[in-house]
**Student:** 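I'd like to ask some things about the structure below.
Since this is a predicted model, take the numbers as computed values, not measurements.
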Amino acid sequence: MGQFRIGRFAVDASRGKVSSAEGVQIVEPKVMAVLQFLYSHRGNVVSQEDIFAAVWPNSVFSPSNVQRSIALLRKALKEDSKKPQYIITHPKRGYCLELNEEENSQTVKWPLLVFIAVTIVCLVGGWFAFATQAVKTDFSVLVPVTSHEENESYQSQSHNGKYLAFVRGDEGHQQIWLKELTTGKEVPLSENPSTYYGLGWSPDDRALAFINKQNNTSQLAYFNLDLVNLTSLNYAKVIEFEEYVVTSQQVQWTNSNQIYFIERRKADNATQLSVVSLETKQKQVIKPSVGQDWLLLHALSPDQTQLALGYEAGQNQYRIELLTLADASTATIATVEDGILGLSWHPNGEHLLLSKRNNLLLIDRLGNSTDIAFNNYQIIRDAAFTPSGEEILMELVNIDVDIIRATNTAPQQYEKLVDTSSVDFLPVFSPDSSRFVFESHRFGLKQLFLYPKFG
């Protein structure tokens, strides 16, 4: 039911378009889902509760969501709410999509001039406007992809979207695992437990690069993969690091057999973007950080012409730049606050996805941002769209933050004042220092609590 007609209107649900001789209307994904539900039950009265359950599953019923969607659909279908032609309101019962089936079944042949006019409208809107509307930003349900008693981190999905590589275990006792997403089968790729991170797939998905840290040194290496039997074929070391520590959450492997990564110099903690050739195994510094900049994250664009860079720039400022690989030129597209814990591209190559502490942020090349909200009470890291753009994979982290104090007379002795399983922070003391207010994230809510008087 991707395409259907409602009177003179042609509906393309997959593209979110309602078209007629008067032009083209772009409809939000959830609003289109309401229209699809009404169409599948055309001729029948459906309640607001039924519509909400179908379009917003696992959510608390909110009639305003349904009412807003109906209003937007009527606007797209050019009908008067007082004298509706298609979506009929039945008081205290619900809505009914009523169609003249004979009219609806006829194939409408638009004149050539109308077709040209609609085409011009689409072109004038431009690719950027279309891409902005086409990006899915409405997500509601969290579904575990993998879950284990041990920590799971540094997830990296293959370019074809069929496999997920990740690290399982605690530092020093970790292994690299491979999961086939269609079957759910999981297998370990690494033989010996170690410290692994910074996974990155080759462009053809036949190899997996990673960082292996042992004692005071680390190696950039890779496995060739047998994806039929889900096994690693060999361990190939590319380069060893002694004076530097690789800090990339994911390394970026290009078609030219070069791997980009971020590294930190041990002597002074300076960060830089570097690249190593798999053929020569020689490293080259692409862009060193300067001043207060601290290079945190990088992400290779789908067309492999640019790298998005994420910096901590001091004073709770985080800068996003685009670096063009051909000439190493850079351009700042956005500055955000409160940290970034992940940076990746949307498959369309026109948007970046930022993992914030509590939410996701979509930013286009002009710096325009859109929040992606969903029911989540954990810390988000390394979020990335699937190749279709219909889903987002991410790592959710449980963090326990407590409030402690020490005195001048015993600076090495700490007393826990607030110790819960939630994130408790930011104590603000009263003028006489006898009590304080603090922020706590409990049960999915940000709340303020008052700590009683000391003693």
**Student:** Assess, by modelled atom type and distance only, whether the side chains of Thr146 and Glu186 contain a donor and an acceptor separated by less than 3.5 Å.
**Tutor:**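 A donor-acceptor contact under 3.5 Å links the two side chains.
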
**Student:** Would you say Arg42 and Phe4 make side-chain contact, with heavy atoms under 4.5 Å?
**Tutor:** no

**Student:** With no hydrogens and no angle check, is any side-chain donor or acceptor of Lys356 less than 3.5 Å from a backbone partner on Gly339?
**Tutor:**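 Side chain of Lys356 to backbone of Gly339: a pair is present.
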
**Student:** If you look at every heavy atom in Ser158 and Trp201, which pair is closest and at what distance?
**Tutor:**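 Answer, listing the atom of Ser158 first, then Trp201: N-NE1, 3.5 Å.
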
**Student:** In the structure I gave you, are the side-chain heavy atoms of Gln157 and Tyr163 within less than 4.5 Å of one another anywhere?
**Tutor:** no

**Student:** Taking the side chain as every heavy atom from C-beta outward, state whether Asp338 and Asn316 have any atom pair closer than 4.5 Å.
**Tutor:**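 Yes, at least one pair of side-chain atoms sits under 4.5 Å.
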
**Student:** Please check: side-chain N/O of Ser248 versus main-chain N/O of Ile262, any donor-acceptor pairing under 3.5 Å?
**Tutor:**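 Side chain of Ser248 to backbone of Ile262, a donor-acceptor pair under 3.5 Å: yes, one is there.
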
**Student:** Applying side-chain contact (heavy atoms from CB on, under 4.5 Å), run through Glu439 and Val428 and close with a yes or a no.
**Tutor:** CA-CA 9 Å; Glu439 184 176 334; Val428 177; over 6 Å; no

**Student:** Can you list the steps and then say if Glu180 with Lys162 is a salt bridge (charged side-chain N to carboxylate O under 4.0 Å, His left out)?
**Tutor:** CA-CA 6 Å; Glu180 188 175 38; Lys162 295 180 179 180; over 6 Å; no

**Student:** Salt bridge check: are Glu312 and Arg319 linked by an N-O gap of less than 4.0 Å?
**Tutor:**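 Answer for the salt bridge query: no.
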
**Student:** Kindly determine whether Leu396 and Ile379 satisfy side-chain contact (heavy atoms from CB on, under 4.5 Å), including the steps that lead there.
**Tutor:** CA-CA 5 Å; Leu396 296 181; Ile379 304 302; over 6 Å; no

**Student:** Go through the steps for Leu307 and Leu273 under the test side-chain contact (heavy atoms from CB on, under 4.5 Å), then give the verdict.
**Tutor:** CA-CA 10 Å; Leu307 276 171; Leu273 174 68; 3.8 Å; yes

**Student:** Can you tell me how the ring of Phe9 sits relative to the ring of Tyr86, calling it parallel under 30°, perpendicular over 60° and tilted otherwise?
**Tutor:** perpendicular

**Student:** Would you mind reporting whether Thr324 and Asp327 have side-chain heavy atoms less than 4.5 Å apart?
**Tutor:**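 Asp327 vs Thr324: side chains touch.
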
**Student:** With a 3.5 Å distance limit and no angle check, can you tell me whether Asp170 reaches the backbone of His173 through a side-chain donor-acceptor pair?
**Tutor:** no

**Student:** Is it true that a side-chain atom of Arg74 and a backbone atom of Ile87 form a donor plus acceptor pair closer than 3.5 Å?
**Tutor:**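 Checked: pair present.
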
**Student:** Taking side-chain contact (heavy atoms from CB on, under 4.5 Å) as the definition, give me every residue that meets it alongside Thr254, ordered by chain and number, with sequence neighbours left out.
**Tutor:**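 side-chain contact (heavy atoms from CB on, under 4.5 Å) check on Thr254 returns Ser256, Gln258, Tyr260, Leu300, Gln304.
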
**Student:** Check step by step if side-chain contact (heavy atoms from CB on, under 4.5 Å) holds for Leu297 and Gln249.
**Tutor:** CA-CA 7 Å; Leu297 302 161; Gln249 293 176 196; 3.6 Å; yes

**Student:** Please confirm whether Arg435 makes a cation-pi placement over Tyr451, using NZ or CZ under 6.0 Å from the six-membered ring centre and within 45° of the ring normal.
**Tutor:**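 Not satisfied by the 6.0 Å and 45° rule.
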
**Student:** Within a 6.0 Å radius of atom NZ on Lys213, are there more than 12 heavy atoms belonging to other residues, nucleotides or ligands?
**Tutor:** no

**Student:** Rounded to the nearest 0.5 Å, what separates atom CD1 in Ile404 from atom NZ in Lys416?
**Tutor:** 8.0 Å

**Student:** For Ile88 and His90, work out which heavy atoms get closest and say how close.
**Tutor:** O-CD2, 3.5 Å

**Student:** Ignoring hydrogens and angles, state whether a donor on the side chain of Asp12 or Ser14 is under 3.5 Å from an acceptor on the partner side chain.
**Tutor:**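 Per modelled atom types, Asp12 and Ser14 side chains form a pair under 3.5 Å.
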
**Student:** May I ask you to check whether Gln48 and Arg93 show a side-chain donor-acceptor distance below 3.5 Å?
**Tutor:** no

**Student:** Just wondering, do Val135 and Asn348 contact through their side chains at under 4.5 Å, heavy atoms?
**Tutor:**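 Counting from C-beta outward, Asn348 and Val135 do come under 4.5 Å.
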
**Student:** Give, for atom CD of Gln85 and atom CG of Leu99, the distance between the pair rounded to the nearest 0.5 Å.
**Tutor:** 9.5 Å

**Student:** Side chains of Asp364 and His351: any donor to acceptor distance under 3.5 Å?
**Tutor:**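 Checked: His351/Asp364 side chains show no N/O donor-acceptor pair below 3.5 Å.
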
**Student:** Do any N or O atoms from the side chain of Thr183 and from the backbone of Lys185 form a donor-acceptor pair under 3.5 angstrom?
**Tutor:** yes

**Student:** Measure the spacing between CG of Leu343 and NE2 of His298 and express it to the nearest 0.5 Å.
**Tutor:**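 Separation between the atoms: 9.5 Å.
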
**Student:** Give the minimum heavy-atom separation between Gln155 and Gln250, together with the two atoms involved.
**Tutor:** O-NE2, 2.8 Å

**Student:** Take Glu263 and Ser274 through the test side chain to side chain donor-acceptor pair (under 3.5 Å) and record every step on the way to the result.
**Tutor:** CA-CA 7 Å; Glu263 57 183 348; Ser274 300; 2.7 Å; yes

**Student:** Taking the six-membered ring for Trp, are Phe52 and Trp56 parallel (under 30°), tilted (30 to 60°) or perpendicular (over 60°)?
**Tutor:**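 It falls in the parallel class, under 30°.
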
**Student:** Under the 3.5 angstrom rule, does the side chain of Asn212 hit a backbone N or O of Tyr196 as a donor-acceptor pair?
**Tutor:**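 No, Asn212 side chain to Tyr196 backbone: no donor-acceptor pair under 3.5 Å.
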
**Student:** Using only atom types and a distance under 3.5 Å, with no angle test, would you say the side chain of Lys17 pairs donor to acceptor with the backbone of Val27?
**Tutor:** no

**Student:** For residues Phe385 and Pro347, report the shortest heavy-atom separation together with the two atoms involved.
**Tutor:** CB-CD, 3.7 Å

**Student:** For the pair Phe223 and Phe210, name the ring-plane relationship: parallel under 30°, tilted 30 to 60°, perpendicular over 60°.
**Tutor:**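 Aromatic pair Phe223/Phe210 classed tilted.
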
**Student:** So, taking the atom named CG in Leu72 and the one named CE in Met32, what distance separates them when rounded to the nearest 0.5 Å?
**Tutor:** 11.5 Å

**Student:** Does NZ or CZ of Arg381 lie under 6.0 Å from the centre of the six-membered ring of Tyr154, at an angle within 45° of the ring axis?
**Tutor:**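 Arg381 over Tyr154 ring: yes.
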
**Student:** State, yes or no, whether a side-chain contact exists between Leu189 and Leu230 at a heavy-atom distance under 4.5 Å.
**Tutor:** no

**Student:** Ignoring hydrogens and angles, state whether a donor on the side chain of Thr231 or Asn229 is under 3.5 Å from an acceptor on the partner side chain.
**Tutor:** no

**Student:** Mark yes or no for whether Ser202, through its side chain, and Ala207, through its backbone, hold a donor-acceptor pair below 3.5 Å.
**Tutor:**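 Here the side-chain-to-backbone pair exists.
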
**Student:** Would you call Val145 and Leu164 a side-chain contact if the rule is heavy atoms closer than 4.5 Å?
**Tutor:**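 They are in side-chain contact.
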
**Student:** I'd like to know if the side chain of Ser430 and the backbone of Phe436 have a donor-acceptor N/O pair within less than 3.5 Å.
**Tutor:** no

**Student:** Taking side chain as C-beta onward, heavy atoms only, is Ile70 less than 4.5 Å from Val34?
**Tutor:** yes

**Student:** What are the two closest non-hydrogen atoms of Pro91 and Thr89, and how far apart are they?
**Tutor:** CD-O, 3.6 Å

**Student:** Give a yes or no on whether Glu171 atom CD has more than 12 heavy-atom contacts from other residues, nucleotides or ligands under 6.0 Å away.
**Tutor:** no

**Student:** Hydrogens and angles aside, do Thr370 and Thr137 bring a side-chain donor and acceptor to less than 3.5 Å of each other?
**Tutor:** no

**Student:** Arg168 pairs by salt bridge (Lys or Arg N to Asp or Glu O under 4.0 Å) with which of Glu395, Glu150, Glu152?
**Tutor:** Glu152

**Student:** Might you work through the salt bridge (charged side-chain N to carboxylate O under 4.0 Å, His left out) test for Glu22 and Arg8, ending with a clear yes or no?
**Tutor:** CA-CA 10 Å; Glu22 302 167 71; Arg8 69 181 190 275; 2.9 Å; yes

**Student:** Rounded to the nearest 0.5 Å, how far does CG of Asp205 lie from CG of Asn160?
**Tutor:** 4.5 Å

**Student:** If I compare all heavy atoms of Leu360 with all of Ser355, which pair ends up nearest, and what's the gap?
**Tutor:**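 The pair with the smallest heavy-atom distance is CD2-CA, 3.9 Å.
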
**Student:** Does Asp80 use its side chain to pair, donor to acceptor, with the backbone of Lys82 at less than 3.5 Å?
**Tutor:** yes

